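See structure below.
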Amino acid sequence: MDLQPIHSPPTTFIKKYVFSTDHKVIARQFLWAGLLFLAIGGGLGMLIRWAWGFPGEAVPVIGDLILPHSNGVIGPSTYNGIFTSHGLIMIFFAITPMMIGSFGNLCIPLAIGARDMAFPTLNMLSFWTFVIALLCVLASFFVPMGTAAAGWTTYPPLSTQIGTPGLGQTFMVLAIFFTGSATIMGGVNYVTTVMRLRAPGMTYMRMPLTIWGQWLTAILNVLFVPVLAAAAIMLIMDRHFGTEFFIAGANGPGDPILFQHLFWIFGHPEVYILILPAWGFAGDLLSYFSRKPAYWYKGQVWAMCAVTVLSAIVYGHHMFLTGMNPLLGQSFMLLTLIISVPAELLFLNWLHTMWKGSIRLTTPMIFTLGMVFVFGLGGLTGIFLGTISTDIYLHDTMFVVGHFHYTMAAAAFLATMGAIYFWFPKFYGCQMNEAIGKIHAWLSIIFITLLFGGQMVVGFSGQNRRLWNPFEYTFLEHLTELNLLTTYAAFALGISQLLFVWNFMEGVFSKRTCGNNPWEVGTLEWELSSPPPVHNFTTIPTVLRGPHEYANPEVRRTLGRDWISQTEELPSQPAGTGGADSGAAPAGGDSADGAADGDAAASDEPAAEVAGG
Amino acid sequence: MSAEAAAAHDHHHHHAPRQEDYPVDPHYGQATGGKLGMWVFLLSDALTFAGFLLGYAIARGGTKPWIPEGLPELGINFTACLTFLLICSSVTMVLAFQAATERNKQETLKYLGLTIFGGFLFLCGQYKEYFGFELLGSLVANFHADWGAWLAMGLTDEGLFFGTLGGSEYSAYGSTFYMITAFHGMHVLTGVGYLIVIFIRTYMGKYDDGNTNHIEICGLFWHFVDLVWILVFTFVYLIPE
């Protein structure tokens with residue numbers, strides 16, 4: 001029996017584009033919201049770089065507009081607001097909605113063979129709760145004393161009324177609370193959808209790695225975002241209702257370190273929340289564009305699972321310098337360094353996937369290679385921060401900033417960009433311009449590497465993070481030129497994104513079309529039209545094999561091409577000459593074959609299992 | 001939309017999927033999507049409580065004495081009665097689900113009603129604990145002075161406040177108490193609202209076809225609220241100074 005009803009497509013504008021329950025529309029909504037805030041957060045980042053490259057000088061062009069009271073000069077308190085909101089916006093309102101909100105929504109139902117999420121209405125509510133959070137963020141910029149200024153980590157006592165008395169900080173904490181609620185709603189939905197709505201034959205070990213990444217991310221989200229929500233509520237109580245949970249008063253009831261514990265119980269899983277989807281994209285895209293199966297698929301899956309579990313029990317390495325018990329510190333250090341084992345395993349698998357492959361250097365592939373490169377740099381430098389003896393020196397320097405920007409920012413950004421280029425046909429029905437895409441990819445990779453590399457080097461030389469004007473300190477004066485170079489890299493990175501803006505807009509409004517499967521890959525979403533119909537699958541497909549069936553000699557012999565879809569029956573007779581038919585998808589949902597498979601439902605699962613191997 | 005799809009549409013649009021319609025999944029039995037979703041949400045919710053209870057534990061560990069001079073102690077006897085009430089409402093919830101699986105609509109409605117009543121009484125008890133029923137107390141005082149005085153008295157009347165509300169001195173004791181119990185109280189309120197929806201839907205015959213899935217999911221939430229209360233009661237009320 002068919003459990004996923006086919007609803008008739010919505011007709012009114014509101015139902016279709018605003019309060020839509022279609023996961024593909026919600027994916028687009030999250031994408032646009034994320035891109036908008038990526039631009040805002042990126043702009044704020046460039047302002048930080050301006051302050052470090054040209055301290056005390058007026059911001060050119062837009063300076064008078066955004067900072068009218070200081071004639072465009074970034075003062076110390078403005079600077080605090082800028083770097084705080086840059087971090088919060090990038091993490092919670094740019095990368096999260098794009099990588100998880102958008103691609104989780106787009107890919108999960110399409111790639112597991114479902115007609116929608118398990119709870120479409122909850123999905124819609126999740127997005128609109130997120131919009132409330134966005135409004136809180138925007139509001140925080142327009143209240144007296146400006147936006148949040150306590151650093152993205154929002155540590156008390158800086159984040160209490162003592163350090164940041166303005167309403168802006170409250171608005172930002174509220175925004176975190178609302179976006180946390182939205183994330184939990186999404187997480188419940190993703191976890192349930194993957195567990196319950198996989199098509200017949202889509203066993204866990206046949207899911208694309210993208211879906212594994214999204215699923216594990218969702219699990220981490222539902223478990224650890226609530227802890228942040230609890231901390232956010234307590235912080236708001238401290239700010240406005242006279243409690244002192246985090247304020248060490250004269251009678252000493254409050255404990256600022258308590259906030260750090262609650263924050264990092266969430267915060268360290270969050271680091272992996274932002275990288276697990278990127279790992280999933282990388283595992284899949286490297287296989288697709290090397291035309292080889294993902295090397296040791298199960299190993300990659302188990303490595304991601306291991307990281308998920310370990311990520312929950314290492315948060316103490318953010319707090320080595322809070323005076324924690326050395327024994328506890330060493331335990332956290334050991335667990336932290338153990339994470340590098342599965343991470344390294346993934347890395348080696350990616351390299352092995354490409355080894356002797358027929359590599360196609362498409363835009364998504366270039367972005368993915370860039371992601372692998374910057375993640376390697378970020379991962380290796382993390383070892384120095386996870387080790388107590390080196391962390392004592394490096395803590396709170398720009399080295400930390402460079403490190404987490406390589407992993408959370410550069411790797412997440414490049415992976416997301418790759419994903420946008422790759423899945424663009426399923427968003428808007430055509431491919432983006434490849435030539436411009438490749439230039440965009442190379443420029444992004446080069447400048448992002450220079451940018452965060454420059455930060456690491458100055459950090460290693462002792463430059464503390466979050467300094468308004470580092471060169472006020474004589475021991476940092478010699479770093480002026482290096483900071484200036486890094487600033488140029490940041491502006492070059494920002495300007496090269498204009499290529500993307502043009503490319504994206506051109507694609508969205510273009511009348512061009514592409515076939516169902518322009519990249520010649522075998523996962524389920526590429527059997528559907530681009531973009532897919534409202535109900536995705538007319539008949540729920542039956543899955544016969546894993547997601548990375550490339551370069552199989554038997555497939556080449558019988559079908560005359562190097563890939564086979566997850567649902568395609570392997571014919572026993574070789575195809576006629578010139579059988580390669582890359583554009584048209586096999587076993588489309590409408591075909592007679594597909595219908596027969598769909599009716600077979602769950603009873604066929606064991607047989608399908610054997611076929612898949 | 002094809003004819004087949006249209007037929008499927010007509011057939012399934014108005015009914016939630018039945019439990020037995022889901023293919024047996026070797027990993028997870030026959031849990032419906034809704035049931036799994038509720039479990040995942042409850043895990044998430046449990047960690048929110050964990051965050052608050054961790055805050056409470058740290059605050060309590062660092063504050064001596066925990067109950068400052070002049071502030072009232074929490075009334076364990078009265079709250080023990082509320083706890084018993086909540087446990088009883090969990091029992092009636094189980095009975096309601098049992099009656100629903102036996103397709104006994106009258107019994108289902110009876111036990112759902114009792115569960116709602118139990119939740120409502122708990123909320124009244126919590127209101128009494130916080131603020132006291134002044135009007136009711138003054139009425140009762142005409143007949144029995146002690147009972148009337150007791151009814152009119154709440155912890156806020158005795159000087160226990162959240163934060164610095166009511167112009168009070170801050171105490172970690174008062175603030176953690178109100179934060180955790182009020183957060184739980186919001187869950188009871190949500191649960192009562194949820195139960196009322198299920199009650200109405202049962203009355204309207206939405207589950208007459210023997211599909212008890214929604215009642216079971218609501219029961220999961222209600223049992224969770226009950227279970228969490230037992231932890232809150234233990235940690236917040238029962239641990240001695």
Side-chain angles (χ1 to χ4, degrees), chain A residues 1-9 118-119 122 184-185 187-189 191-193 195-198 200 204 218-219 221-231 233-234 237-238 240-245 249 251-255 257-258 261-262 265-266 535 538-539 590 595 601-603 605, chain B residues 1-2 4-6 8-13 15 17-18 21-28 31-41 43-55 58-64 68 161-165 168-176 179 183:
Chain A
M1 179 178 157
D2 192 358
L3 286 164
Q4 301 176 52
I6 293 180
H7 298 282
S8 41
F119 311 113
L122 186 70
I184 293 169
M185 292 182 208
V188 168
N189 218 343
V191 174
T192 311
T193 305
M195 283 166 82
R196 225 63 208 94
L197 297 187
R198 280 168 294 123
Y204 282 101
I219 290 173
N221 267 330
V222 292
L223 290 182
F224 296 109
V225 171
V227 182
L228 178 73
I233 292 172
M234 287 161 84
M237 296 302 170
D238 272 9
H240 293 289
F241 296 95
T243 60
E244 295 173 19
F245 297 121
N251 50 351
D255 188 353
I257 302 293
L258 167 63
H261 279 288
L262 292 174
I265 286 175
F266 149 80
H535 58 270
T538 305
T539 310
D590 293 319
S603 57
E605 218 170 305
Chain B
M1 198 190 295
S2 71
E4 177 207 12
H9 172 75
D10 287 347
H11 214 240
H12 307 300
H13 189 213
H15 299 287
R18 292 160 174 250
D21 296 335
Y22 278 79
V24 179
D25 184 313
H27 300 279
Y28 300 104
T32 57
K35 198 164 150 188
L36 257 182
M38 179 54 83
W39 273 110
V40 176
F41 168 72
L43 266 178
S44 187
D45 210 16
L47 273 130
T48 320
F49 274 102
F52 284 133
L53 287 172
L54 184 65
I58 303 267
R60 184 151 185 177
T63 312
K64 294 277 182 284
F161 284 98
F162 178 81
T164 48
L165 293 178
S168 63
E169 287 260 308
Y170 169 74
S171 74
Y173 165 62
S175 298
T176 51
M179 184 177 65
F183 188 62

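First the proteins, then the strands, lettered A, B, ... as listed; each starts at 1. Computed from a predicted structure; not experimentally measured.
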Handout entry: B:Asp45: partners by side-chain hydrogen bond (donor to acceptor under 3.5 Å, both in side chains), with sequence neighbours left out
Key = B:His187
Practice task
Heavy-atom distances under 4.5 Å only: say whether A:Ile265 touches chain B with side chain, backbone, both or neither.
Solution key: side chain
Practice task
Against chain B, label A:Ile233 side chain, backbone, both or neither, depending on which of its atoms sit under 4.5 Å from a heavy atom there.
Solution key: side chain
Practice task
Identify which part of B:Ser168 has an atom lying under 4.5 Å from any heavy atom of chain A, answering side chain, backbone, both or neither.
Solution key: neither
Problem - Any donor-acceptor N/O pair, B:Thr48 side chain to B:Ser44 backbone, under 3.5 Å - result: yes
Exercise for the section: Determine yes or no for a side-chain-to-main-chain donor-acceptor pair under 3.5 angstrom, with A:Thr193 supplying the side chain and A:Ala118 the backbone. Expected result: yes
Handout entry: Which of B:Leu43, B:Leu165, B:Thr176, B:Thr164 touches chain A most, by non-hydrogen pairs under 4.5 Å
Key = B:Thr164
Practice task
Heavy-atom distances under 4.5 Å only: say whether A:Phe241 touches chain B with side chain, backbone, both or neither.
Solution key: both
Exercise for the section: For chain A, find which of B:Gly163, B:Ala172, B:Gly174 contributes the most heavy-atom pairs closer than 4.5 angstrom. Expected result: B:Gly163
Handout entry: Nearest-0.5 Å distance, NZ of residue B:Lys35 to OG1 of residue A:Thr192
Key = 13.0 Å
Exercise for the section: May I ask you to decide if A:Met237's main-chain N or O and A:Thr243's side chain share a donor-acceptor pair within less than 3.5 Å? Expected result: yes
Problem - Part of A:Leu258 lying under 4.5 Å from any heavy atom of chain B - result: side chain
Practice task
Determine the interplanar angle of the B:Phe162 and A:Phe245 rings, folded into 0 to 90°, and report it as parallel if under 30°, tilted if 30 to 60°, perpendicular if over 60°.
Solution key: tilted
Exercise for the section: Examine whether an atom of A:Val188 lies under 4.5 Å from a heavy atom of chain B, and if so say whether it belongs to the side chain, the backbone or both; otherwise answer neither. Expected result: both
Fill in the blank from the handout: Sequence neighbours excluded, the answer for side-chain hydrogen bond (donor to acceptor under 3.5 Å, both in side chains) partners of A:Asn189 is none
Problem - B:Ile58, part contacting chain A, at a heavy-atom distance under 4.5 Å - result: side chain
